[in-house]
Amino acid sequence: MTKITIVSCPTCKADVEWGEHSPYRPFCSKKCQMIDFGTWADEENAIAGAPDMSDSDGWSEDQY
């Protein structure tokens, strides 16, 4: 017996069965996948990290 894994679509919260027959997993559809992609492309979503120091006054290519 194979256990079925159900996840919630990150965009619309619909239940999605995790498997090969769900090609857009974890999304329920191409539409929800593209909505999510759009929020990343518009920089509404971001992964936290170190601040970009390349444009600051303290940035230097010289090694210490």
| query | Does any N or O in the side chain of R25 come within less than 3.5 Å of the main-chain N or O of G19, such that one atom is a donor and the other an acceptor? | reply | yes
| task | Verify whether one side chain among D36 and T11 offers a donor that lies under 3.5 Å from an acceptor in the other. | result | no
| query | Which distance, rounded to the nearest 0.5 Å, do you find between the NZ of K13 and the SG of C28? | reply | 11.0 Å
| query | Can you find a pair of side-chain heavy atoms, one from W40 and one from I47, that are under 4.5 Å apart? | reply | yes
| message | If I take atom SG from residue C12 and atom NZ from residue K31, how far apart are they, to the nearest 0.5 angstrom? | response | 9.0 Å
| message | When you measure from the side chain of S8 to the backbone of D15, do you find a donor-acceptor pair of N or O atoms at a distance under 3.5 Å? | response | no
| remark: d(W18 CH2, K3 NZ) to nearest 0.5 Å is 14.5 Å
| request: Taking atom CD of E43 as the centre, report whether more than 12 heavy atoms of other residues, nucleotides or ligands fall under 6.0 Å from it. | output: no
| query | When you look at CD1 of I6, are more than 12 heavy atoms from neighbouring residues, nucleotides or ligands closer to it than 6.0 Å? | reply | yes
| task | Answer yes or no: is there a side-chain heavy-atom contact under 4.5 Å between P10 and F27? | result | yes
| At their closest point, which heavy atom of P26 faces which heavy atom of V16, and how far apart are they? | O-CG2, 3.8 Å
| message | Within this structure, what is the CD1-NZ distance for the pair I35 and K30, rounded to the nearest 0.5 Å? | response | 12.0 Å
